[in-house]
Structures are given as structure tokens and as C-alpha cells.
Amino acid sequence: MKRLPFIFCCALSLLLLSCEDEKNDGTYKWRDEWRSDYVPETEDNIVGKPRYVWVDASANFQYYGNDETQIAADCKRLADMGFTDLVVDVRPNSGDVLFKSKVAPELKKITAWTSKGYGFLERTADFDYLQTFIVAGHRVGLRVNAGINTMVGGYRTAAGDYGMMFDHPERKVWGTVDNLKGGLTNIMDDTANGPRFLDPANDEVQQYLLDLLAELAAYKGLDGIVLDRCRYSDYNMDAGYTDAAKAKFAEYIGGEVTKWPIFTQGQVFMPNSPSKIQRQWAGFRVKVIHDFIEKASAKVHEVNPSVRFGVYVGAWFSEYYRSGVNWTSPKYKLKTQETTYGWVLDDYQSYGFADHLDFIFLGAYAGSDSIYGTWEWSMQGFAQLGKKRLAGAVSFIPGPDIGNTSGFVDGGKGALMPEIIDMLLKESDGMFIFDLCHIRQFDYWDAIKKGFDDYLATVETQQ
């Protein structure tokens with residue numbers, strides 16, 4: 001089981017949405033305050049462990065893309081529920097951005113599912129989307145973290161193609177090259193719908209993203225930055241065969257690359273008896289991502305040491321090597337702790353990147369009937385194994401997908417919310433909910449508030 005593509009989140013979560021949410025009554029004067037460059041400061045006086053809600057750009061665009069008052073109203077509502085933090089998606093799959101940037105293009109349209117079906121929504125407003133969330137969030141005591149989809153730069157959909165790489169054909173060379181049925185294919189030539197992934201091994205891609213992160217880190221009042229999709233584009237070891245990658249892979253192995261691509265097309269899993277070059281390919285890809293994370297963390301903290309830096313990853317570590325990611329602590333003894341990873345080279349674990357982060361978000365995306373357990377694909381197991389694999393290197397924040405995973409797609413699981421909240425907060429350093437669109441669709445506002453109220457009551461008892 002894997003993390004589902006977000007298009008399914010939109011399709012499942014937004015089809016029945018309406019626009020009947022309460023509007024801000026005008027009592028908040030934050031808009032005028034922002035226009036005079038005022039950002040309320042938040043004191044770091046969080047009671048208990050932090051509680052985050054993810055705000056995906058596409059799934060929530062019909063409410064927030066052109067409406068400052070709705071942003072303010074919902075920030076207050078989320079704070080009143082007991083959330084402490086927002087993760088606001090400001091760079092969706094298209095690569096266009098929802099903040100003021102001299103590096104990246106401003107988002108003007110986005111595809112989304114609404115009550116009217118699937119199609120494009122236009123951005124007609126000119127207010128600063130991220131800054132508005134920062135001001136509105138701080139006004140009610142919420143910390144605001146900017147989330148960006150990292151190694152992506154365009155989106156191919158049934159409604160049409162859009163985004164940074166489609167608008168700049170000269171950047172085709174930035175795209176990853178996948179080993180498809182017809183052979184090695186640049187992602188921009190792939191006819192399948194979905195995000196257009198960038199090549200993580202491309203130096204120009206990395207510099208572009210570092211420049212973007214520097215802009216974000218300097219944003220007035222921003223509390224944190226979270227990278228999503230900071231990985232290769234596949235779960236099959238079949239992406240990343242660019243000229244830039246081949247040259248760096250040759251350097252990594254210290255000799256000529258005699259087999260390219262490394263894996264036979266369609267070879268989904270690592271074989272039982274991998275060849276040396278296959279193990280080297282797995283190690284090389286995690287090194288590429290590790291080295292970028294290290295640079296990104298250093299860049300953010302160089303610009304603003306007070307901005308927290310982190311990533312989102314799927315907690316299913318046993319499968320995540322296929323995306324070129326080792327999110328564990330380099331101190332974790334992979335070969336001795338988990339014997340199923342006998343195929344890795346000795347240097348694989350040295351490229352665990354957890355020690356370069358201030359916090360990490362683990363997608364504990366198990367089904368509604370798998371809240372408890374000690375194995376992967378139970379929420380509790382995801383949290384417990386995550387803690388073990390991170391080995392104390394970083395604060396870890398697991399969270400459920402309450403709209404896409406088995407048992408959650410049709411709603412009606414409000415009674416489980418306090419149970420999930422209680423368990424995850426006991427097992428971790430905090431928790432997140434993915435996504436705000438699901439809370440809205442399935443009317444989980446009160447259920448989640450009850451879970452937080454119950455938790456905060458135990459915190460007060462312990463004080």
C-alpha cells in the first residue's frame with residue numbers, strides 16, 4: 001500500500017463540498033494591519049504537544065485562493081478547535097507559488113475538484129496568500145509553516161497541462177527521465193497524467209530550489225518550512241536516468257557505468273539477490289536526496305536561524321527506498337535492526353538525513369481499522385517504528401490521512417478522531433491531520449476538537 005496521489009484526495013474529498021462556511025464578520029482588522037506591514041508576533045507558549053493541520057493548495061483553493069476573510073475565519077476556527085500550527089501549501093505540483101517571489105512564477109490557476117466537478121480555478125485576487133495566512137494565524141495564536149512540493153515543476157491533467165515547466169519548454173532538461181515501456185523517456189514527453197518531477201541530481205534544479213527556500217526563509221513572520229515530495233518520482237526504481245545523474249553516478253561508483261538503465265523496465269521491487277550495481281544505484285539516489293536536504297537546511301538557517309526546517313515523508317520506510325529517500329537517523333543501525341535490508345551497501349545508512357531537520361512529518365496513513373498495532377501499516381506501528389528509526393535525532397510528527405485511506409473515503413469516522421488523537425500524541429512529539437479539506441467535507445470539526453480537549457485535560461492534570 002502506498003500514499004495515494006493527491007488527485008484522488010481532491011476527487012474524494014471535494015466533490016460534495018459547498019461554499020456555506022461562515023464568513024468573517026469584519027471584526028478582525030488584520031487586513032489593514034497587514035497592509036501597513038504589521039505581523040502579530042506569536043509567543044512560543046504552546047500547551048502540550050504541537051497539533052498541526054495541513055492546508056493543501058488545490059483542495060482548499062475554492063475557499064482561500066481569492067478570499068482573505070475566509071482565511072481569517074477558518075484560522076480562528078482551527079485555533080478554537082485546539083490546533084497549534086498550520087502547514088500551508090504554497091507551492092503545489094505545478095511549481096507555481098502562492099507567495100511573493102522573484103524566483104518562481106506566481107500561481108494564476110490550479111485544477112481542483114469542487115461541487116461543480118473537476119477543472120481549473122483562477123486566481124484573480126492580488127493579496128499575498130502566504131502573508132495573509134501568517135497574519136491571520138498569528139492573530140489567533142497559530143504558528144504558520146509554509147509547505148512546498150519540492151521536486152516538481154508542472155502538472156498534466158485531463159483538464160489541461162499547466163505549470164512552470166510547461167510555460168518554459170527550455171527547462172525540459174530539468175525533468176527526470178524514467179524507464180518506461182518505450183524506453184528512457186523525459187517526463188515532459190510522458191503522456192500519463194500527474195506531476196512532472198524534476199531531476200534531483202541536476203545542479204540547476206537544486207540551485208533554483210535553494211534560491212526559492214532562501215526567499216521563504218526571509219518571509220516576515222514565517223515560523224517554519226516543510227518540504228513535501230523531496231524525492232524521486234517513482235516507487236519502482238525506474239526514475240532518475242538523466243545525463244546529470246549518469247555522470248554523478250559514475251563518480252559515486254568510481255568508474256564507468258556499464259549498465260544503463262540499472263533496472264529492467266517494470267522491475268518494481270528490489271530482487272532477492274541484487275547485483276552490486278543495483279545496490280549502488282539505491283545508495284546513490286538516497287545520497288542525492290540527503291545532500292540536497294543538507295544544503296536546504298543550511299540555506300534556510302543561514303537566512304533565518306529561527307525558522308524551523310523539516311520534511312514530510314511516508315512512514316512506510318520498508319518501501320521508501322524506491323523513492324530514493326532514507327529519512328532515518330544516520331545513527332540507526334539498519335543492517336542489525338532490520339535484517340530485511342541486507343541488500344543495502346554499507347554507506348546507505350550514512351545518508352539518513354534526520355539529523356539535518358528541526359522536525360519531520362511521518363504520514364501514518366493506515367486504514368480506519370488499523371489504528372493499533374506494532375507493524376507498518378498500522379498508525380501506532382508507524383509512530384513506534386518511526387521513533388525507533390529516528391533514534392532521537394529530531395522531533396517527529398505522525399499523522400493520519402482522514403480522507404483517502406481505507407475506511408475513511410466515505411466519512412462517518414468522527415468517533416475515531418479522539419481515539420486517533422489520543423494514541424498518536426502518546427506515541428510521538430506531536431501530530432498532524434491531513435487534510436483540512438477532509439475536516440470540512442466530513443464535518444469533523446467537533447470530533448477533532450473533542451480529541452484535543454480530552455488531551456489538553458490530561459496535560460492540565462499532569463501540571
Inset, instruction - Answer yes or no: does atom NZ of Lys49 have more than 12 heavy-atom neighbours from other residues, nucleotides or ligands under 6.0 Å? - result: yes
Legend entry - N-O pairing of Asp85 and Arg308 below 4.0 Å: yes
Legend entry - Ser428 side-chain N/O to Pro398 backbone N/O, donor-acceptor pair under 3.5 Å: no
Inset, instruction - Indicate yes or no for a side-chain donor-acceptor contact from Thr461 to the backbone of Ala457 under 3.5 Å, with no hydrogens or angles considered. - result: yes
Inset, instruction - Kindly indicate whether the side chain of Val88, heavy atoms from C-beta on, has any atom under 4.5 Å from the side chain of Tyr129. - result: yes
Legend entry - Shortest non-hydrogen contact between Gly163 and Asp96, atoms and distance: CA-OD2, 3.8 Å
Inset, instruction - Walk me through it: do Thr328 and Gln349 pass the test side chain to side chain donor-acceptor pair (under 3.5 Å)? - result: CA-CA 8 Å; Thr328 67; Gln349 194 51 34; 2.5 Å; yes
Inset, instruction - Check whether any side-chain heavy atom of Asp56 sits under 4.5 Å from a side-chain heavy atom of Leu436, and report yes or no. - result: no
Inset, instruction - Indicate yes or no: does Lys100 engage Asp128 in a salt bridge with an N to O separation below 4.0 Å. - result: no
Legend entry - Side chain Asp223, main chain Asn145, donor-acceptor under 3.5 Å: no
Legend entry - His356 and His290 aromatic ring geometry - parallel, tilted or perpendicular at 30°/60° bounds: perpendicular
Legend entry - For Val97 against Arg91, the heavy-atom pair lying closest together: CG1-CG, 3.9 Å
Legend entry - Aromatic ring proximity, centroids under 6.0 angstrom, Phe396 and Phe359: no
Legend entry - Side-chain donor or acceptor of Asn404 paired with backbone N/O of Val409 under 3.5 Å: no
Legend entry - Side-chain ion pair, Glu376 and Arg389, N-O less than 4.0 Å: yes
Legend entry - Donor-acceptor pair, side chain of Ser323 and main chain of Val325, under 3.5 angstrom: no
Inset, instruction - List the atom of Gly175, the atom of Ile187, and the distance in Å for their closest heavy-atom pair. - result: CA-CG2, 3.9 Å
Legend entry - Closest approach of Asp89 to Asn149 (non-hydrogen atoms, all atoms of both residues): OD1-ND2, 3.5 Å
Inset, instruction - Would you check, one step at a time, whether the test side chain to side chain contact (heavy atoms under 4.5 Å, CB included) holds for Leu362 with Phe382? - result: CA-CA 8 Å; Leu362 301 181; Phe382 276 141; over 6 Å; no
Legend entry - Residue pair Gly224 / Val307: nearest heavy atoms and the distance that separates them: CA-CG1, 3.8 Å
Legend entry - Main-chain N/O of Gly373 paired to Gln380 side chain as donor or acceptor, under 3.5 Å: yes
Inset, instruction - Walk me through it: do Asp435 and Asn60 pass the test side chain to side chain donor-acceptor pair (under 3.5 Å)? - result: CA-CA 9 Å; Asp435 175 273; Asn60 299 284; 3.1 Å; yes
Legend entry - Nearest-0.5 Å distance that lies between atom OH in Tyr444 and atom CE in Met417: 4.5 Å
Inset, instruction - For Gln62 and Leu121, indicate whether the former's side chain and the latter's backbone hold a donor-acceptor pair under 3.5 Å. - result: no
Inset, instruction - Quick one: pull up OH in Tyr312 and CG in Leu227 and give me the separation to the nearest 0.5 Å. - result: 13.5 Å
Legend entry - Pairwise distance CG(Leu416) to CD1(Ile371) - rounded to 0.5 angstrom: 4.5 Å
Legend entry - Partner residues of Ala125 under the side chain to side chain contact (heavy atoms under 4.5 Å, CB included) criterion, sequence neighbours left out: Asn66, Arg123, Phe127
Legend entry - Pro92 side chain near Ser58 side chain, heavy-atom distance below 4.5 Å: no
Inset, instruction - Given side chain to side chain contact (heavy atoms under 4.5 Å, CB included), test Asp178 with Thr185 step by step and report yes or no. - result: CA-CA 5 Å; Asp178 297 351; Thr185 305; 5.6 Å; no
Inset, instruction - Could you walk me through whether Asn193 and Tyr155 pass the side chain to side chain donor-acceptor pair (under 3.5 Å) test, one step at a time? - result: CA-CA 7 Å; Asn193 290 337; Tyr155 207 37; over 6 Å; no
Legend entry - Full working for ring pair (Phe, Tyr, Trp, His ring centres under 6.0 Å) between Phe317 and Trp327: CA-CA 8 Å; Phe317 178 72; Trp327 48 260; 5.5 Å; yes
Inset, instruction - Please report the closest heavy-atom contact between Leu385 and Trp375, naming both atoms and the distance. - result: CD1-C, 4.0 Å
Legend entry - Non-hydrogen side-chain atoms of Glu215 and Phe99 separated by less than 4.5 Å: yes
Legend entry - Parallel, tilted or perpendicular, as decided by the 30° and 60° cut-offs, for the rings of Trp316 and Trp377: parallel
Inset, instruction - Identify whether the distance between the nearest side-chain nitrogen and carboxylate oxygen of Lys450 and Asp446 falls below 4.0 Å. - result: no
Inset, instruction - List the steps, then state whether side chain to side chain contact (heavy atoms under 4.5 Å, CB included) holds for Tyr365 with Met379. - result: CA-CA 7 Å; Tyr365 291 172; Met379 291 184 196; over 6 Å; no
Legend entry - Under 3.5 Å side-chain donor-acceptor pair for Gln206 and Lys295: yes
Inset, instruction - Please examine the side chains of Phe263 and Asp238, heavy atoms only from C-beta on, and report whether any two atoms are closer than 4.5 Å. - result: no
Legend entry - Pair Asp211-Lys299, side chain to side chain contact (heavy atoms under 4.5 Å, CB included): steps then yes or no: CA-CA 9 Å; Asp211 291 343; Lys299 175 59 69 176; 5.8 Å; no
Legend entry - Euclidean distance, Asp126 CG relative to Thr124 OG1, rounded to 0.5 Å: 9.0 Å
Inset, instruction - Measure the shortest side-chain to side-chain distance between Phe361 and Val311 over non-hydrogen atoms and say whether it is less than 4.5 angstrom. - result: no
Legend entry - Asp67 side chain to Gln70 backbone, donor-acceptor under 3.5 Å: yes
Inset, instruction - Measure the spacing between CD1 of Ile293 and OG1 of Thr150 and express it to the nearest 0.5 Å. - result: 7.0 Å
Inset, instruction - Evaluate the side chain to side chain donor-acceptor pair (under 3.5 Å) criterion for residues Thr111 and Tyr118: first the C-alpha distance (whole Å), next the side-chain angles of each, then the deciding distance (0.1 Å), finally the verdict. - result: CA-CA 7 Å; Thr111 50; Tyr118 182 73; 3.1 Å; yes
Legend entry - Donor-acceptor contact present, side-chain Arg156 to main-chain Asp190, <3.5 Å: yes
Legend entry - Carboxylate-amine/guanidinium proximity below 4.0 Å for Asp189 and Arg196: no
Inset, instruction - Would you confirm whether Tyr219, through its side chain, and Leu130, through its main-chain N or O, come within 3.5 Å as a donor-acceptor pair? - result: no
Inset, instruction - May I ask you to test the Ile421-Met431 pair for a side-chain heavy-atom distance under 4.5 Å? - result: yes
Legend entry - Ring-face cation of Lys109 near Phe120 (centre distance under 6.0 Å, axis angle within 45°): yes
Inset, instruction - Evaluate the side-chain proximity of Ile433 to Trp54: yes if any heavy-atom separation is below 4.5 Å, no if none is. - result: no
Legend entry - Aromatic contact, Phe133 with Tyr64 (centres under 6.0 Å): yes
Legend entry - Distance in Å, His438 NE2 paired with Gln441 CD, rounded so as to fall on 0.5 Å steps: 8.0 Å
Inset, instruction - Would you check if there is a donor-acceptor pair between the side chains of Thr242 and Asp199 at a distance under 3.5 Å? - result: yes
Inset, instruction - Could you tell me whether Arg285 sits above the aromatic face of Tyr232, with NZ or CZ closer than 6.0 angstrom to the six-membered ring centre and within 45 degrees of the axis? - result: yes
